[in-house]
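Predicted model, so just to flag it, every value in this text is computed and none were measured.
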Amino acid sequence: MSRPAYLVGIDLGTTHCVVAFASIDANPNEPINLLPIPQLIGPGQVADRLSLPSFRFHPHSTQFSVADLTLPWQQQPVLGDEQPAIIGEWARELGTHSPSQLVSSAKSWLSHDKVDRHDSILPWIASEETHRISPVIASASYLNYLRQAWDHQHPVHKLAEQKLTITIPASFDEAARKLTLEGAALAGLHNVTLLEEPQAACYDWVARSQQDAEQQLKEHASILVVDVGGGTTDLSLIATHDHNNNFELNRVAVGEHLMLGGDNIDLAIAHLAERSLNNNARMNTANLSKLAQQARKTKELLLGDNELTESKITLLGSGSKLIGASRSTSVTKSDLHQLALDGFFPLTDIDTLPSTKRGAIVEFGLPFVSDPAISKHIAQFLAQHQQQTGLPTAVLYNGGLFNSALVAKRVTELLSSWSSREVTVLENPHPDHSVAYGAVAFLQAKQGKLATIKSGASRSFYLHLPSKSGPGRALCLLKKGEMPGTEVKLTGRTFNLTINQPARFHVLSAHQEILIKQNEVAHGQIIDVVNAPLHPLPALVTTISDKSIDANNVDVQLITQQTEIGTIKLECQSLVSDHRWELEFDTRQHANPDSDGAPSPQLKTANQLISQAFSGNRKISDGKEIKTLTRHLEKQLGNKDDWSFNTLRSIYDTLQQGRKRRRRSDRHEQVWLRLAGHTLRPGFGDVNDSWRIEQLWALNQHTLQFPSTQSWNDWWTLWRRVAGGLNQEQQEQLLTQLAPFLHPGAVSSKQGRERAHQHGYESMVRLAASLEQLEAEDKLLLGNWFFKRATQQKDHVATHWWAVARIGTRFSMQQSQQKLLPKSTVEAWLTSLLALSWDKSDGIAFCASMLAANVADRELVVSDSLQQQVIARLQQVKAPASWISMVANVQQLDSESQAKALGDTLPSGLKLVS
């Protein structure tokens with residue numbers, strides 16, 4: 001590899017990408033350049049642009065000729081992206097007419113943790129003939145395109161060989177940061193540094209203000225960076241310090257991830273146009289997408305500095321009626337100002353915080369925050385960090401939305417109303433390009449040519465050392481302000497590490513400094529937990545395996561550091577060998593607090609009852625105890641349906657320790673299965689549930705010790721209850737076990753039906769219907785089996801209708817949104833349902849309610865006509881009002897319908913988010 005010649009910054013944006021660069025030897029006073037990016041602007045037409053719109057259009061095989069798609073270089077797609085795609089300006093334009101072939105907002109999908117971001121789910125509204133890709137591949141394809149554009153213009157100095165920074169939202173969590181690096185690697189860019197976008201914007205300001213930055217900021221204790229891009233709002237606080245007569249900037253806080261940006265304003269305008277064009281009726285997703293694409297242009301025009309008073313939005317027809325069937329409506333400047341300024345940037349009080357209602361506004365598959373008032377989110381962010389720096393009196397705006405002077409003026413007015421003085425706005429002449437410029441300035445700062453913005457740990461981190469007699473103490477692992485990549489060796493402390501068996505690690509964090517006798521706590525120092533302002537992070541439960549070590553415990557020294565992606569890395573260095581074990585904690589998650597307050601004081605007694613019932617000592621554990629175990633637990637803790645979330649998981653952890661002793665008798669086995677399923681349901685919700693499921697899954701290899709119809713029912717019920725925590729491969733294995741009892745041939749004879757009954761037929765049906773991670777063809781097959789049996793057999797009719805409802809539901813029960821059946825399949829089932837009599841079974845009525853449910857994502861919702869027919873039939877059979885409301889209105893399932901849909905209640909403190 002040749003010596004790098006350039007410093008390169010890439011703004012990998014939600015709506016556009018920008019590449020900035022400078023010679024590696026350049027003086028920071030020299031201007032930074034933007035890379036002209038050749039891209040298709042029409043069939044066979046290539047033009048240079050200073051940004052690459054972050055859009056992909058997936059043409060059908062005969063839609064364009066090879067000549068139409070020719071670029072100045074031979075395209076080399078990333079692995080997994082073999083079919084040709086159009087990227088950039090022409091892709092965005094084509095998508096306004098054919099949104100089912102358009103991939104957009106890939107960066108937002110990278111941070112969408114309710115879908116598998118490696119799964120081929122984009123375009124979200126793709127037609128059957130349109131190929132799909134994953135969010136990771138989509139992001140990689142933009143970086144790959146930029147790499148090829150760069151290499152075409154710099155054949156001697158390939159992009160992969162340069163000093164390279166890619167910017168990301170400050171609020172990106174660990175997973176989204178890792179996925180960004182994975183996408184970069186797929187694009188052939190391996191030596192990459194990530195930089196938070198608000199910091200990049202601030203670096204750009206520092207580079208432009210080298211001569212007077214200190215003078216501009218001398219009266220300001222902190223800078224608030226407000227970065228409103230296409231898909232996200234990113235907030236950061238940067239403190240100013242005079243340290244030993246040296247002026248310093250220190251990023252001290254970043255906001256939570258807010259999927260809220262300019263795209264939301266586009267959607268709001270599109271909804272406004274939709275109501276006008278469609279008589280307040282709901283359009284399909286494709287037409288709404290067409291309106292949203294035009295709404296973006298309308299927003300830019302009417303929020304701009306011009307004399308336009310209105311802008312027209314036109315919805316074209318399709319096919320031969322493209323022009324004749326078009327409809328238009330006008331959006332006035334006053335309408336837009338009321339919608340954008342009063343809706344997204346209202347002049348609220350500083351103590352007016354975002355709505356806490358659950359659920360999100362879902363459009364095109366993405367869950368936007370439920371409260372669109374960015375003003376309230378800024379207030380919440382400042383309330384969380386006001387003690388550190390006070391209210392900021394300087395603000396830096398970034399993102400395309402701040403090209404509008406009206407928006408910038410409104411936010412300045414808002415911030416000034418909260419402060420005791422007029423807020424100073426730091427100049428940003430190029431909000432669309434400042435992040436890319438700042439990424440290059442960051443690299444210059446690393447060379448020592450510019451002032452560095454320190455971005456050390458925004459909190460201090462402590463390892464909790466629990467005590468049986470009290471809350472215990474805590475060891476300082478990493479002090480606030482420690483820079484990423486700096487190793488801290490906790491010398492003078494020896495710890496005993498458990499090897500080859502599960503161990504639990506608890507980490508606590510503190511936003512403010514903790515003092516002992518007026519001195520800051522030092523690395524390795526131990527403090528009392530009582531009265532300390534400490535907050536728990538999710539515990540890490542893991543097994544440190546090393547077959548080369550015979551001992552169960554090893555003396556180690558701890559080494560900690562904050563990684564570049566924001567996690568805390570804890571390394572355990574053996575004191576007797578060269579072994580070194582590594583753990584990573586995600587510092588951006590929060591522990592799941594017990595919604596009912598502190599754990600029940602009787603929990604310890606309850607766990608002792610479980611340990612005794614499943615003890616290795618047969619004399620201690622007798623048959624009578626196991627028969628009465630559940631009753632005695634409820635005597636200690638109350639009705640088991642009311643046990644809090646943390647209580648449930650604590651009991652499960654105790655059960656897990658006695659899993660081998662469940663084989664002592666048939667009653668031991670049945671009780672263990674029932675309690676394990678009840679306490680681990682729905683298989684997710686706690687940060688350690690993936691580890692618990694991993695341990696539980698090992699039981700699937702051994703099945704039952706005492707098979708009986710009752711035991712089989714308990715066995716299948718356990719897996720149904722925890723199915724939400726099982727991955728696709730595990731769910732497919734369960735389907736393989738179930739299929740011999742469920743397929744039509746298996747129950748076509750009396751002997752087959754008896755065999756299925758002996759193995760718990762109804763429980764198997766319910767489990768099969770709950771396997772949400774299965775591929776669509778498997779779900780469709782199961783659904784058709786159960787639909788046919790519900791209409792043709794007299795046995796288990798209610799169970800079969802429940803299964804059809806569960807398979808075709810419009811609600812995502814297990815956080816696997818992309819796995820729901822397409823609405824075309826569900827509409828076919830509903831049409832058949834409407835031809836049946838509903839009088840004899842409420843199973844049909846509930847099934848229809850679930851299939852026709854009016855959820856937030858309109859791409860999943862069946863047609864208005866079918867919904868109205870279902871509502872009429874529900875009213876006719878006097879179905880519960882909640883079922884009718886489920887179809888008529890977009891809402892969350894009530895607790896009763898939720899329990900009916902899941903086949904179980906959810907633990908207290910855990911709610912279903914559709």
Side-chain angles (χ1 to χ4, degrees), residues 14-16 53-55 92-93 95-97 99 102 104-105 108 124-125 228-233 258-316 326-346 360-375 399-411 431-432 856-859 890:
T14 305
T15 54
H16 67 270
S54 306
F55 295 86
R92 181 177 61 192
E93 182 63 27
T96 62
H97 305 294
L102 185 70
S104 60
S105 302
S108 295
W124 183 249
I125 59 172
V228 184
T232 58
T233 291
L258 298 174
M259 201 171 286
L260 176 63
D263 291 351
N264 297 78
I265 298 179
D266 300 343
L267 273 171
I269 299 170
H271 284 301
L272 191 67
E274 178 187 37
R275 290 193 291 271
S276 174
L277 292 171
N278 219 39
N279 296 321
N280 289 319
R282 183 181 61 207
M283 290 181 175
N284 61 34
T285 313
N287 282 337
L288 181 68
S289 179
K290 293 177 182 178
L291 293 180
Q293 294 287 348
Q294 292 192 57
R296 176 180 54 82
K297 299 176 182 177
T298 295
K299 174 190 70 182
E300 292 169 356
L301 285 171
L302 296 183
L303 286 179
D305 187 15
N306 55 59
E307 297 181 358
L308 284 177
T309 58
E310 67 177 30
S311 178
K312 185 176 290 186
I313 293 179
T314 300
L315 180 66
L316 296 176
S326 64
R327 292 169 285 166
S328 297
T329 187
S330 292
V331 177
T332 67
K333 178 169 281 191
S334 60
D335 287 339
L336 182 58
H337 287 185
Q338 182 178 9
L339 184 152
L341 298 182
D342 296 338
F344 289 84
F345 297 99
I361 302 168
V362 180
E363 289 290 4
F364 312 129
L366 289 171
F368 299 108
V369 295
S370 56
D371 193 328
I374 294 174
S375 305
L401 199 58
F402 287 110
N403 282 313
S404 167
L406 287 169
V407 173
K409 181 180 178 182
R410 169 56 68 93
V411 180
D432 286 326
D857 189 346
R858 69 179 64 199
E859 183 61 15
V890 175

Check: side chain to side chain contact (heavy atoms under 4.5 Å, CB included) with Leu291: which of Leu267, Ile313, Leu272?
Finding: Ile313
Next item on the list: Report yes if some heavy atom in the side chain of Gln293 is under 4.5 Å from a heavy atom in the side chain of Arg92; otherwise report no.
Entry: yes
Next item on the list: Answer yes or no: is there a side-chain heavy-atom contact under 4.5 Å between Thr96 and Lys290?
Entry: no
Checklist line | Minimum-distance pair of heavy atoms, taken over all atoms of Ser105 and Asp263 | finding: OG-OD2, 3.5 Å
Notebook entry, point to check: Should Ser54 and Thr15 count as side-chain neighbours, where that means a heavy-atom distance under 4.5 Å?
Noted result: no
Check: Quick one: does His337's side chain have a donor or acceptor within less than 3.5 Å of a partner on Leu406's backbone?
Finding: no
Checklist line | Sequence-distant partners of Thr332, side-chain hydrogen bond (donor to acceptor under 3.5 Å, both in side chains), two or more places apart | finding: Ser334, Asp335
Margin query: Can you give me the closest heavy-atom contact between Thr298 and Val331, atom names plus distance?
Written below: CG2-CB, 4.2 Å
Checklist line | salt bridge (Lys or Arg N to Asp or Glu O under 4.0 Å) against Arg410, all qualifying residues, sequence neighbours excluded | finding: Asp342
Item checked: From CG (Leu301) to OG (Ser404), nearest 0.5 Å -> 11.5 Å
Notebook entry, point to check: When rounded to the nearest 0.5 angstrom, what distance separates CD in Gln294 from OG1 in Thr329?
Noted result: 11.0 Å
Next item on the list: Answer whether the closest heavy-atom distance between the side chains of Leu288 and His271 falls below 4.5 Å.
Entry: yes
Check: Heavy-atom distance under 4.5 Å between the side chains of Phe345 and Lys409, does that happen here?
Finding: no
Notebook entry, point to check: Which pair of non-hydrogen atoms, one from Pro431 and one from Gly399, has the smallest distance, and what is that distance?
Noted result: CB-O, 3.2 Å
Note to self: Please report the interatomic distance CG(Leu303) to CG(Leu336), rounded to the nearest 0.5 Å.
What the structure shows: 4.5 Å
Checklist line | CA sep, side-chain torsions, deciding dist, call: Ile269, Arg296, side-chain contact (heavy atoms from CB on, under 4.5 Å) | finding: CA-CA 8 Å; Ile269 299 170; Arg296 176 180 54 82; over 6 Å; no
Note to self: So Leu339 and Phe344, do their side chains get closer than 4.5 Å, heavy atoms only?
What the structure shows: yes
Next item on the list: Taking salt bridge (Lys or Arg N to Asp or Glu O under 4.0 Å) as the test, write out the residues that go with Asp266, two or more places apart.
Entry: Lys299
Checklist line | Distance-minimising heavy-atom pair for Ser375 and Pro346 | finding: OG-O, 2.8 Å
Check: How far does CG of Leu102 sit from CH2 of Trp124, to the nearest 0.5 angstrom?
Finding: 15.5 Å
Next item on the list: Output all residues satisfying ring-ring contact (aromatic ring centres under 6.0 Å, His included) with Phe402, sequence neighbours left out; order by chain, then residue number.
Entry: Tyr397
Next item on the list: State whether the side chain of Ser328 and the backbone N or O of Thr314 hold a donor-acceptor pair below 3.5 Å, judged by distance alone.
Entry: no
Next item on the list: Could you pull out all residues at least two apart from Thr232 that satisfy side-chain contact (heavy atoms from CB on, under 4.5 Å)?
Entry: Pro169, His257
Next item on the list: Test Lys297 against Glu93 for salt bridge (charged side-chain N to carboxylate O under 4.0 Å, His left out), laying out the working first.
Entry: CA-CA 12 Å; Lys297 299 176 182 177; Glu93 182 63 27; 3.8 Å; yes
Check: Quick one: does Glu310's side chain have a donor or acceptor within less than 3.5 Å of a partner on Lys333's backbone?
Finding: no
Item checked: Backbone of Leu277 reached by a side-chain donor or acceptor of Arg327 within 3.5 Å -> yes
Margin query: Just to verify, what does Asn264 make a side-chain hydrogen bond (donor to acceptor under 3.5 Å, both in side chains) with, not counting sequence neighbours?
Written below: none
Check: How far apart are the C-alpha atoms of Leu401 and Ile265, what are their side-chain angles, what is the distance that settles it, and do they pass the side-chain contact (heavy atoms from CB on, under 4.5 Å) test?
Finding: CA-CA 10 Å; Leu401 199 58; Ile265 298 179; 3.8 Å; yes
Item checked: Which atom of Ser108 lies closest to which atom of Gly231, heavy atoms considered -> OG-CA, 4.0 Å
